[in-house]
Amino acid sequence: MTRKLNQPLGGNEMPRFGGPATMMRLPSQDTAEGLDACFIGIPMDIGTSNRPGTRLGPRQIRDESRMIRPYNMATGAAPFDSLQVADIGDVPINTFDLKKSVSIIAQHYREILQHGAIPLTLGGDHTLTWPILRAMKERHGPVALIHVDAHSDTNEHMFGEAEAHGCPFRRAWEEGCLLNDKVFQIGLRGTGYSPQDFDWGRDKGWTVYPAEACWYKSMTPLMAEIRARIGDAPVYLTYDIDSLDPAFAPGTGTVEVGGLTTIQGLEIIRGCAGLNLVGTDLVEVSPPYDLAGNTAVIAANFLYEMLCALPGVARNG
């Protein structure tokens with residue numbers, strides 16, 4: 001018996017500005033049971049060090065996803081003909097305690113992964129990736145990582161605290177979550193405190209592609225190189241929206257000039273197709289600084305592209 005797959009609510013069935021307030025106006029459910037992939041929000045900004053507001057990110061991304069149609073005209077991907085997908089709501093973090101929230105997130109993702117679903121996460125500040133990677137390690141062992149960001153997020157501490165949005169990948173490394181020869185950081189840039197600020201990961205065997213190395217270039221050849229180096233290892237994709245130049249994505253907390261373009265972002269995400277993706281996230285969207293909504297529109301479309309890149313998605317043409 002052929003199972004019936006969920007479909008986004010179409011624009012001819014309900015006006016785009018109506019219908020459910022879910023990602024792509026998909027059906028919602030309480031858990032990941034029976035799903036191949038799920039959209040899930042983490043409405044959190046208590047790990048933020050500059051401009052707040054990312055707690056409002058998941059809701060705004062969902063709202064701006066209402067124009068996305070099910071078929072990918074560029075890649076031929078038809079995710080809703082291939083996978084059972086739903087929106088499973090938000091993680092109930094403790095907005096007064098970041099340390100407790102880290103534990104809450106990890107436990108929530110353990111439960112998702114027990115169902116065999118691939119989570120696509122709407123953030124939320126970048127602290128959230130650390131507990132997700134903790135759950136990923138428990139399920140898959142250490143994973144490869146594609147980290148797209150303006151910042152390395154490998155600080156030892158921030159204001160003396162180990163839990164912050166500038167620290168998640170140092171914490172993940174300390175917990176043995178990462179395959180060090182298969183970690184790639186793309187788009188790092190800006191000012192620092194010393195010439196060695198981006199070298200912490202390099203010293204661990206990570207590969208760093210600063211933003212300047214990406215200027216005026218297509219990311220397609222780079223992604224072919226990354227795919228070859230990752231092979232069939234389980235891989236997690238984490239995409240900080242501040243990797244984009246603020247001309248494209250001003251609605252974030254720690255903007256840096258000279259960033260990637262939206263086209264380069266699409267090339268990176270589409271270049272993940274064929275990898276053994278076990279999870280993805282899109283973080284650091286801050287609606288109060290996104291007056292025209294374009295940052296959230298980009299985020300919604302990038303999350304859709306992540307869905308299209310997952311294993312098992314049929315491609316036409």
Side-chain angles (χ1 to χ4, degrees), residues 6 8 22-26 32 35-42 57-58 60-62 64-65 67-88 109 112-113 116-124 126 128-129 132-133 136 140 143-149 184 186-187 219-220 222-223 226-227 230 234-244 248-249 260 262-285 295-315:
N6 293 336
T22 58
M23 185 67 184
M24 293 183 65
R25 306 196 304 173
L26 280 163
L35 300 179
D36 300 307
C38 58
F39 291 106
I40 179 169
I42 304 182
Q60 190 67 24
I61 293 168
R62 287 181 171 110
E64 295 294 355
S65 73
M67 280 296 297
I68 304 175
R69 301 166 186 87
Y71 182 73
N72 193 318
M73 300 298 291
T75 67
F80 302 105
D81 293 344
S82 312
L83 305 178
Q84 186 69 291
V85 188
D87 188 322
I88 63 168
Y109 279 74
I112 292 171
L113 296 176
I118 299 174
L120 301 104
T121 301
L122 293 64
H126 219 158
L128 61 85
T129 306
I132 294 174
L133 289 171
M136 290 289 169
H140 301 287
V143 298
L145 181 73
I146 300 174
H147 171 209
V148 192
D149 203 324
F184 303 90
I186 305 171
M219 297 290 98
T220 300
L222 171 61
M223 292 309 299
I226 288 174
R227 285 196 306 276
I230 291 177
V235 56
Y236 189 88
L237 170 63
T238 180
Y239 201 108
D240 190 323
I241 202 70
D242 72 23
S243 63
L244 298 179
F248 301 100
L260 304 176
T262 54
I263 293 171
Q264 288 175 313
L266 289 170
E267 289 177 325
I268 291 168
I269 298 168
R270 291 175 180 175
C272 292
L275 290 171
N276 180 20
L277 280 169
V278 294
T280 75
D281 65 51
L282 190 296
V283 299
E284 297 286 355
V285 172
T295 308
V297 169
I298 295 166
N301 279 272
F302 278 14
L303 281 156
Y304 168 73
E305 293 285 347
M306 292 175 189
L307 177 67
C308 291
L310 293 186
V313 171
R315 291 175 178 269

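Owing to the predicted nature of the structure, the values given are computational and were not obtained by experimental measurement.
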State, to 0.1 Å, how close [X] and [Y] come at their nearest heavy-atom pair, and which atoms those are.
| X | Y | result |
| --- | --- | --- |
| V283 | G124 | CB-O, 3.4 Å |
| A314 | S82 | N-OG, 2.8 Å |
| V85 | L35 | C-CD2, 4.2 Å |
| A299 | L282 | CB-CD1, 3.3 Å |

So, do [X] and [Y] sit near enough that their side-chain heavy atoms are less than 4.5 Å apart?
| X | Y | answer |
| --- | --- | --- |
| I268 | S243 | no |
| L244 | T262 | yes |
| N72 | E305 | yes |
| L120 | L307 | yes |
| P8 | T22 | no |
| L222 | I226 | yes |
| I132 | T238 | no |
| I146 | I230 | yes |

[X] side chain vs [Y] backbone, donor-acceptor pair below 3.5 Å:
| X | Y | result |
| --- | --- | --- |
| N6 | Q84 | no |
| R227 | G271 | yes |
| E284 | G123 | no |
| R315 | C308 | yes |

Report the distance from atom [atom1] of [X] to atom [atom2] of [Y], rounding to the nearest 0.5 Å.
| X | Y | atom1 | atom2 | result |
| --- | --- | --- | --- | --- |
| T280 | F39 | OG1 | CZ | 8.0 Å |
| D281 | I40 | CG | CD1 | 11.5 Å |
| L277 | I118 | CG | CD1 | 7.0 Å |
| M24 | D87 | CE | CG | 11.5 Å |

- [ ] May I have the step-by-step check of side chain to side chain contact (heavy atoms under 4.5 Å, CB included) for Q264 and I186, ending in yes or no?
- [x] CA-CA 11 Å; Q264 288 175 313; I186 305 171; over 6 Å; no
Task: ring pair (Phe, Tyr, Trp, His ring centres under 6.0 Å) partners for F302, two or more places apart - done: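 Per chain and number, F302 pairs via ring pair (Phe, Tyr, Trp, His ring centres under 6.0 Å) with Y239.
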- [ ] Only counting residues at least two apart or in another chain, list the ones meeting side chain to side chain contact (heavy atoms under 4.5 Å, CB included) with A300.
- [x]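 Expected list: M23, I61, S65, I68.
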- [ ] Anything under 30° is parallel, anything over 60° is perpendicular, the rest tilted; go ahead and classify Y304 against F80.
- [x]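 Taking F80 first and then Y304, their aromatic rings lie parallel (interplane angle under 30°).
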TODO: Check salt bridge (charged side-chain N to carboxylate O under 4.0 Å, His left out) between E64 and all other residues, then give those that pass, not counting sequence neighbours.
DONE: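 Partners of E64 by the salt bridge (charged side-chain N to carboxylate O under 4.0 Å, His left out) criterion, ordered by chain and then number, come out as R66.
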- [ ] Determine, step by step, whether H140 and N276 satisfy the side chain to side chain donor-acceptor pair (under 3.5 Å) criterion, reporting the C-alpha distance in whole Å, the side-chain angles of both residues, the deciding distance to 0.1 Å, and the verdict.
- [x] CA-CA 11 Å; H140 301 287; N276 180 20; over 6 Å; no
Task: Full working for side chain to side chain donor-acceptor pair (under 3.5 Å) between Y109 and T121 - done: CA-CA 10 Å; Y109 279 74; T121 301; 2.6 Å; yes
Open item on the list: For Q60 and V285: C-alpha separation, side-chain torsions, deciding distance, then whether side chain to side chain contact (heavy atoms under 4.5 Å, CB included) applies.
Closed with: CA-CA 9 Å; Q60 190 67 24; V285 172; 5.5 Å; no
